[in-house]
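In the text below, chain A, chain B and the rest are named by the order of the sequence lines, each starting its count at 1.
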Amino acid sequence: MGLLSIIRKIKRKEKEMRILMVGLDNSGKTTIVMKINGEDTSVISPTLGFNIKTISYQKYTLNIWDVGGQRTIRSYWRNYFEQTDGLVWVVDSSDLRRLDDCKMELDNLLKEERLSGASLLILANKQDIKGALTPAEIAKVLNLEAMDKTRHWKIVGCSAYTGEGLLEGFDWLVQDVASRIYMLD
Amino acid sequence: MEERPDPNLPAKTLDHDADLQKKHQAMLDRLSTRHHARLDNSLARRSDSTNSSEATSSFLSRFSESKQSIDSQLADSRLIAQSDPSRLKTHFANISSSISDLEKLVAESSYFLPSYEVRSSLKTISDLKQNLEILNSELIPKRKFSFKNKATTKKELPKEPEPEPVKSDAVSVTNFKIPNSPGFRNKTNKTLIQKFKGTEVGEFTLSNLDSCEVRLIGCCNAVFMNRLKDCKVYLGPVIGSILIEEVEGCVFVLASHQIRIHLAKRSDFYLRLRSRPIIEDSNVVRFAPYCLDYEGIEMDLEKAGLSEETGNWGNVDDFKWLRAVQSPNWCVLPGNERVGKVRVEDFESGNEVADYRLFD
């Protein structure tokens, strides 16, 4: 039995999933993770480096890697790509000026071979803010329809501030990952 | 003393014996069932292993069958492209879905397949995908207006008659026109006043301002600033975050949950924050505590959760200076150089209507 298959079996038993959260700075990645975990979201500083949260979600254990989005540290994202089961791309739907930056960074990310098998959840965050683009509009701007046909993806509108939409998004992501890597269930 | 036979004793021993025998029997039964179970198990295991080699061969035949059918579909593409190009798209979609079915088959079977088979079938799949990709780009002309194209067209026209218009907030990416958000844009030497009322205030943008004074009174959810030069910016509390990019020679008086400062030069920031301010690619920026006052500011501060001084204004993280020693890019503004309390009025007599309507 190879090492890889042993690791796979162990992972299968413990029902672990590795989720990577990325997106531009100020998109709300850390707030989303804290909100899901039921923590206080009112005093979050911009992430210098990364946070790891282990959360039990349904019958799975999610290891969520929340990586800072400032331009200086985006080049370190690649250090977290290995073994990623689910990718969450967070968009600040009210930051209209930087949507082209957002599209460019996402396109770069999706070219990455190590992420090619990961399910992609796009969270159109900050829907509570008046003037924010709807998920459908964000999908158009990011040109999601043109994505590689083999990628499993979904876009969900949410507000990390109110919590709306977060569960819908993560439910989909966890189900999708589970149906791929826990075939025997 | 004579032995006194107890009439109950023999009966008791008998009972006892019967008990023991029962237990003994039960134990024997248990052992034998366990033995059988073990035998069954090992038989099952043995048949399992034969199963798995059978499964492997059946997988391989299924795999090669679907591979052949995908190959022939791929080969058909050129014919279709000549006879009926409109069908190409669905044709490619079909192929792509059969490839992903095949991929699924491999994933399902990966737990019993020898690793060599897994690898070689994954390789085959990626080859198929590549072939599909190549055919797709060959036979279907690219229609999307991609990001890269946009950049190059810009470069092709560097010498426009008028100076290149400063990058507007309304960028059109692909085929979608992004609307402008409320805000003040492209102004020089103006006093710009905005009052936020009620709860229906979203984000606000300050962009391309030169030598202006901006007063935003009341609470809003988010503020974006970019390209400000020699401006004074006084902001009521922001519930969410403030994002600042490319500012020079400015004074900011700001309160919010978070603030991110990029590409700032020679600017002073008077802040009250619920988290640590960050700077990136900035230099000669100085920090001091918030000092704004207007009628009703106490209520607004409370609404934004900022009624207390947090001391965070001095906890600056410099993303371009990740070391323990103080960053050379920022410092605390010395007390004798700070402005005192800044008192701004709701409006200046006369221009109230014009300024209010900018947002409503």
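Here the CZ-OG distance, from A/R97 to B/S207, works out to 7.0 Å after rounding to the nearest 0.5 Å. Here CG of B/N226 is found 10.0 Å from CZ of A/R98. Values are rounded to the nearest 0.5 Å. The NZ atom of A/K149 sits 12.5 Å away from atom CD1 of B/I95, with the distance rounded to the nearest 0.5 Å. Note that NE2 of B/H262 is 8.5 Å distant from CG of A/N26, once rounded to the nearest 0.5 Å. Considering OG1 of A/T150 and CD of B/E103, their distance stands at 6.0 Å, rounded to 0.5 Å. For the atom pair CD of B/E245 and CZ of A/R71, the computed distance is 6.5 Å after rounding to the nearest 0.5 Å.
Contacts with chain A were tallied for B/D281, B/V118, B/L243; B/L243 has the most, counting heavy-atom pairs under 4.5 Å.
Contact residues of residues 45-54 of chain A toward chain B are A/S45, A/P46, A/T47, A/L48 (heavy-atom distance under 4.5 Å).
Environment of CZ in A/R114: crowded, with over 12 heavy atoms of neighbouring residues, nucleotides or ligands closer than 6.0 Å. Taking a 6.0 Å sphere around CD of B/E302, one finds it holds 12 or fewer heavy atoms contributed by other residues, nucleotides or ligands. At most 12 heavy atoms of other shown residues, nucleotides or ligands fall within 6.0 angstrom of atom CD in B/E133. Within 6.0 Å of atom OH in A/Y161, 12 or fewer heavy atoms from other residues, nucleotides or ligands are found, so the atom counts as exposed in its surroundings. For CD of A/E164, the number of neighbouring non-hydrogen atoms (other residues, nucleotides, ligands) closer than 6.0 Å is 12 at most. Counting heavy atoms of neighbouring residues, nucleotides and ligands inside a 6.0 Å radius, atom CD of B/E308 does not exceed 12 of them.
B/E280 places a side-chain N or O within 3.5 Å of a backbone atom of A/T72 that can act as its donor or acceptor partner. Between the side chain of B/R274 and the backbone N or O of A/S42 there is at least one donor-acceptor pair closer than 3.5 Å.
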B/S241 and A/K126: CA distance, side-chain angles, deciding distance, side-chain contact (heavy atoms from CB on, under 4.5 Å) verdict: CA-CA 11 Å; B/S241 64; A/K126 307 204 186 179; 3.8 Å; yes
Residues A/V43, B/S275; criterion side-chain contact (heavy atoms from CB on, under 4.5 Å); working and verdict: CA-CA 5 Å; A/V43 288; B/S275 66; 5.7 Å; no
Intermediate values then yes/no, side-chain contact (heavy atoms from CB on, under 4.5 Å), B/N221 and A/K130: CA-CA 9 Å; B/N221 275 317; A/K130 189 186 165 196; 6.0 Å; no
Steps toward side-chain contact (heavy atoms from CB on, under 4.5 Å) verdict (B/K104, A/R180): CA-CA 8 Å; B/K104 224 164 157 185; A/R180 275 191 304 111; over 6 Å; no
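For B/F224, the part sitting under 4.5 Å from any heavy atom of chain A is the side chain, from C-beta outward, and nothing else. Heavy-atom distances place the side chain of B/I239, and not its backbone, under 4.5 Å from chain A. In this structure, the portion of B/I259 lying under 4.5 Å from any heavy atom of chain A is its backbone and not its side chain. Within the 4.5 angstrom heavy-atom criterion, atoms from both the backbone and the side chain of A/D95 approach chain B. In this structure, the portion of B/R260 lying under 4.5 Å from any heavy atom of chain A is its side chain and not its backbone.
When only modelled atom types and interatomic distance are considered, B/E203 and A/S94 share no side-chain donor-acceptor pair under 3.5 Å.
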